[in-house]
Structure formats: C-alpha cells, structure tokens
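Keep in mind it's a predicted model, so treat the numbers as computed, not measured. Residue numbers start at 1 and run along the sequence shown.
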Amino acid sequence: MPRYGLKTIALAAMHVVMGALLSTAAGAQDYPSKPITLIVPWPAGGSTDISMRAIADSASKVLGQPIVIDNKAGGGGTVGPATMAAAAKPDGYTISQIPITVFRLPLMQDVSWDPAKDFTYIVHLTGYTFGVTTSAESQFKSWKDVVEFAKANPGKVTYATPGAGTSLHIGMEQIAGMSGIKLTQVPFKGGAETNAAVLGQHTMLQADSTGWRPLVDAGKLRLLMVWTGSRSPNYPDVPTLKELGYPMVYDSPFGIAGPKGLDPKIVAKLHDAFKKAVEDPAVVATLAKYDMVPNYKNTEDYKKFVVEVTESERKVIETLGLAKK
C-alpha cells in the first residue's frame with residue numbers, strides 16, 4: 001500500500017472539510033431549489049389545517065417553491081414535530097407547525113424529544129380562539145348549567161378535546177378545579193373528531209379551537225364560552241372565561257420550526273417568507289374567519305418565548321398534579 005505523509009493526509013482532510021462547507025454554503029444560497037414539506041400535526045379540514053394551508057400558500061409565493069402540507073395527527077399535536085426531530089435532515093425542506101404541547105408534554109411524561117435541543121425555531125405566527133360547545137339539543141343553555149349539573153353528578157360531564165396534554169385539556173382541568181367540579185376528558189386526534197363527538201352527543205361538551213364555527217353558525221352546536229381576553233366579534237353574546245369568573249386567557253400560540261442544526265441563512269429565508277405571509281391580507285382574512293389573530297415574533301424572540309412558556313407551563317402542570325414523577 002502506498003504511504004502518505006502526515007502533511008498530505010492533513011491537506012486531503014482540509015479539502016474534504018472545505019468542500020463540505022462550500023457545499024453547505026451553496027445549498028443555503030440556492031435554497032429553496034425544490035418543494036418544502038410543512039408538517040401540520042392535526043387532521044385535514046380543521047381550523048389549524050385550513051389556516052396553515054393559507055399561510056403556506058402565501059409563503060410559497062415568496063420562496064418561489066411549493067410548500068406541501070403533510071398532516072401527521074396524534075399525540076395532541078406532537079407526533080408530527082417528534083417525527084421531524086427524529087428523522088428530518090436539517091436542510092430546510094422539512095419544517096413543522098409547533099403547538100404548545102411540544103413544550104408541555106415533556107413535563108407530563110417521557111417523550112422522544114427535547115424542546116430545548118431538538119428544534120430550530122424559525123418564526124412565531126398566531127394563536128387560537130378556544131371555546132366550549134355543546135349540542136344544540138343539550139340541556140346546557142349556559143356554562144352555569146354545566147357547573148350545576150356537574151356538582152350534582154361528579155365525573156358524569158364528558159368533554160371532547162384534541163388530545164391529552166393539549167391546552168384544551170389543561171384549560172378544562174383548571175376551570176373544573178376553580179369551579180369545584182369533576183369533568184371527564186375524552187381525547188381525540190383533532191377538531192373533525194371532537195365535532196363529531198359532541199354533535200352526536202357521544203360527549204356532552206367539546207373544548208376545541210374554532211373548527212366548530214360552521215356547526216355553531218348552522219345552529220347545530222351551542223357555544224357556551226370563549227377563552228380569549230375579550231369577546232369574539234363573531235360571537236358578541238358569548239362570555240369569556242374572565243367574565244365567568246375564571247382569571248385566565250388561553251390562546252395556545254404557535255409557530256414554525258425545523259429540526260436542530262438548520263443553517264441560519266435558511267432560517268432567515270423561511271422567517272422572512274412566513275412573516276410576509278401573516279401580513280398577507282388574504283391570510284389575515286382566513287385567520288379572522290377562524291378568530292385567529294396574527295401574533296408575530298421573530299426568530300430570537302420566539303426562542304425566548306419557548307423558554308418562558310415552558311416555565312409557565314411547568315407551574316400549571318405541577319399545580320394540577322399532572323407533572324411526571
């Protein structure tokens with residue numbers, strides 16, 4: 001075998017490293033050169049899916065490449081991000097919507113991801129209007145009716161949510177605790193299923209985002225409360241949590257992230273495209289249809305927000321006795 005001097009080997013190694021660096025730089029410079037996959041960790045047809053499709057369509061026009069939606073539902077919105085963290089290359093061609101459950105669930109149980117280490121946070125976008133609905137045929141005409149029935153029938157009031165550990169689950173448990181009642185959660189994968197559950201009276205209540213709006217507008221579901229800071233302009237007669245005596249606002253804000261190790265230049269391009277998207281009048285109109293208000297945060301502010309929200313969630317989870325042992 002031929003013998004190579006240390007100098008020759010060192011030069012060869014340097015060329016390999018330089019080549020890789022140049023290739024990465026070129027990749028970031030040319031990005032994107034093919035379609036981007038955006039994971040939406042909820043079923044198709046719900047309020048998140050519809051709003052994310054509108055945002056993605058607008059951002060794709062800025063980027064010059066299609067953004068393809070990949071619905072990966074389950075785990076209260078964590079299956080999609082967890083799949084990305086475990087398997088996606090940090091090349092900017094796989095990104096995901098990041099619901100707040102990504103930060104909350106690790107506080108409640110063992111999971112496969114670390115929210116502080118396994119994601120590259122890109123941009124914060126918006127939040128939800130949450131509400132509690134019941135069938136139009138239900139005996140519950142107001143939230144007061146629910147509380148009175150639940151006090152007389154502990155644990156018999158069932159409510160559908162898009163998953164254990166979601167803001168809807170945690171919020172309902174906080175409301176129950178403050179009311180001195182016991183409610184029974186029935187978790188599903190997303191809004192289409194929770195709509196079907198309450199519509200068919202398989203559960204007495206539904207706690208979810210505004211995927212229920214068409215059914216409320218059609219008179220098939222009754223909206224008992226909203227969890228926003230002020231009343232919804234679409235439902236001015238429906239009280240907020242605060243008006244009902246619960247000092248809370250729940251809007252479960254969300255953003256976009258990629259797997260860890262994403263090139264900062266690619267992050268900047270994605271950030272700019274999605275920022276323009278949430279400023280797009282067509283997107284703003286779609287968000288307004290589902291009572292979602294743009295809540296933009298740049299990359300650095302989003303990173304700080306992740307730290308802050310994780311700590312605030314830790315306190316809530318510990319107070320409810322839901323923290324993992």
Side-chain angles (χ1 to χ4, degrees), residues 37-57 67-83 96-102 105 125-138 140 157-172 183-228 232 234-235 238 250-254 283 286-292:
T37 296
L38 171 59
I39 295 171
V40 173
W42 307 100
S47 58
T48 307
D49 177 66
I50 292 169
S51 62
M52 288 308 304
R53 287 177 187 272
I55 291 169
D57 181 61
I67 297 178
V68 181
I69 301 297
D70 181 10
N71 295 97
K72 287 188 183 298
T78 62
V79 168
T83 302
S96 178
Q97 187 236 9
I98 303 291
I100 206 166
T101 25
V102 167
L105 214 58
L125 298 174
T126 183
Y128 298 97
T129 287
F130 289 142
V132 176
T133 71
T134 190
S135 167
E137 300 171 3
S138 167
F140 302 138
V157 175
T158 55
Y159 67 95
T161 73
T166 58
S167 294
L168 285 311
H169 173 210
I170 301 304
M172 286 295 277
L183 306 174
T184 300
Q185 181 205 199
V186 183
F188 293 91
K189 288 184 178 179
E193 293 183 3
T194 62
N195 273 338
V198 72
L199 191 62
Q201 299 188 57
H202 306 299
T203 62
M204 292 182 173
L205 304 172
Q206 171 200 39
D208 213 332
S209 57
T210 47
W212 37 253
R213 182 175 177 182
L215 293 169
V216 171
D217 291 350
K220 294 180 179 180
L221 294 181
R222 181 180 299 123
L223 183 61
L224 301 177
M225 63 158 82
V226 290
W227 295 7
T228 43
S232 163
N234 292 317
Y235 303 103
V238 177
Y250 256 101
D251 60 3
S252 199
F254 65 81
V283 171
T286 299
L287 295 177
K289 183 178 178 183
Y290 291 94
D291 281 320
M292 299 168 79

Checklist outcome for this item: The reported gap from CG in L125 to CD1 in I98 (rounded to nearest 0.5 angstrom) is 11.0 Å

Checklist entry - So, for K72 and V79, which heavy atoms are closest and what is the spacing to 0.1 Å? => result O-CB, 4.3 Å

Checklist entry - Are R53 and D49 within salt-bridge range, i.e. N to O under 4.0 Å? => result yes

Checklist entry - Which heavy atom in N234 sits nearest to a heavy atom in K289, and how many Å separate them? => result ND2-O, 4.5 Å

Item to check | Side chain T210, main chain Y290, donor-acceptor under 3.5 Å | outcome: yes

Item to check | Which atom of A136 lies closest to which atom of G219, heavy atoms considered | outcome: CB-O, 3.2 Å

Item to check | T286 side-chain N/O to A54 backbone N/O, donor-acceptor pair under 3.5 Å | outcome: no

Checklist entry - Cut-off 3.5 Å, side chains only: do D208 and Y159 have a donor facing an acceptor? => result no

Checklist entry - Residues two or more places apart in sequence or in another chain: which of them pass ring pair (Phe, Tyr, Trp, His ring centres under 6.0 Å) with F140? => result F149

Next on the checklist: I need the T133 OG1 to R213 CZ distance, nearest 0.5 Å.
Outcome noted: 14.5 Å

Item to check | Value rounded to 0.5 Å, distance of CE in M172 from CD in Q185 | outcome: 9.5 Å

Item to check | Close side-chain approach of V238 and S232, heavy atoms under 4.5 Å | outcome: no

Next on the checklist: Rounded to the nearest 0.5 Å, what separates atom CD in E193 from atom NE2 in H202?
Outcome noted: 11.5 Å

Next on the checklist: Keeping N195 on the side-chain end and G211 on the backbone end, is there a donor-acceptor pair under 3.5 Å?
Outcome noted: yes

Item to check | Under 3.5 Å: donor-acceptor pair, side chain of S135, backbone of V198 | outcome: no

Next on the checklist: One pair to check against side chain to side chain contact (heavy atoms under 4.5 Å, CB included): L205 and L224. What are the steps and the verdict?
Outcome noted: CA-CA 10 Å; L205 304 172; L224 301 177; 4.0 Å; yes

Checklist outcome for this item: Distance col, row L168:CG vs S209:OG, nearest 0.5 angstrom, shows 7.0 Å

Checklist entry - Roughly how far, to the nearest 0.5 Å, is the CH2 atom of W42 from the OG1 atom of T166? => result 6.5 Å

Checklist entry - What's the verdict on side chain to side chain contact (heavy atoms under 4.5 Å, CB included) for L221 and L199, showing C-alpha distance, side-chain angles and the deciding distance? => result CA-CA 7 Å; L221 294 181; L199 191 62; 4.0 Å; yes

Checklist outcome for this item: Tightest non-hydrogen contact, residues M52 and V40, listed as CB-CG2, 3.8 Å

Next on the checklist: Ring centroids only, cut at 6.0 angstrom: are Y250 and Y128 within range, meaning strictly under it?
Outcome noted: no

Item to check | Residues V132, W227; criterion side chain to side chain contact (heavy atoms under 4.5 Å, CB included); working and verdict | outcome: CA-CA 9 Å; V132 176; W227 295 7; 3.8 Å; yes

Next on the checklist: Using only atom types and a distance under 3.5 Å, with no angle test, would you say the side chain of T194 pairs donor to acceptor with the backbone of T161?
Outcome noted: no

Next on the checklist: Looking at every non-hydrogen atom in both residues, tell me the closest pair between Q97 and L38 and how far apart they are.
Outcome noted: N-CD1, 3.9 Å

Checklist entry - Is the shortest heavy-atom distance from the side chain of F130 to the side chain of V226 under 4.5 Å? => result no

Checklist outcome for this item: Closest non-hydrogen atoms of T203 and A160, given as atom of the first, atom of the second and distance, are OG1-CB, 3.7 Å

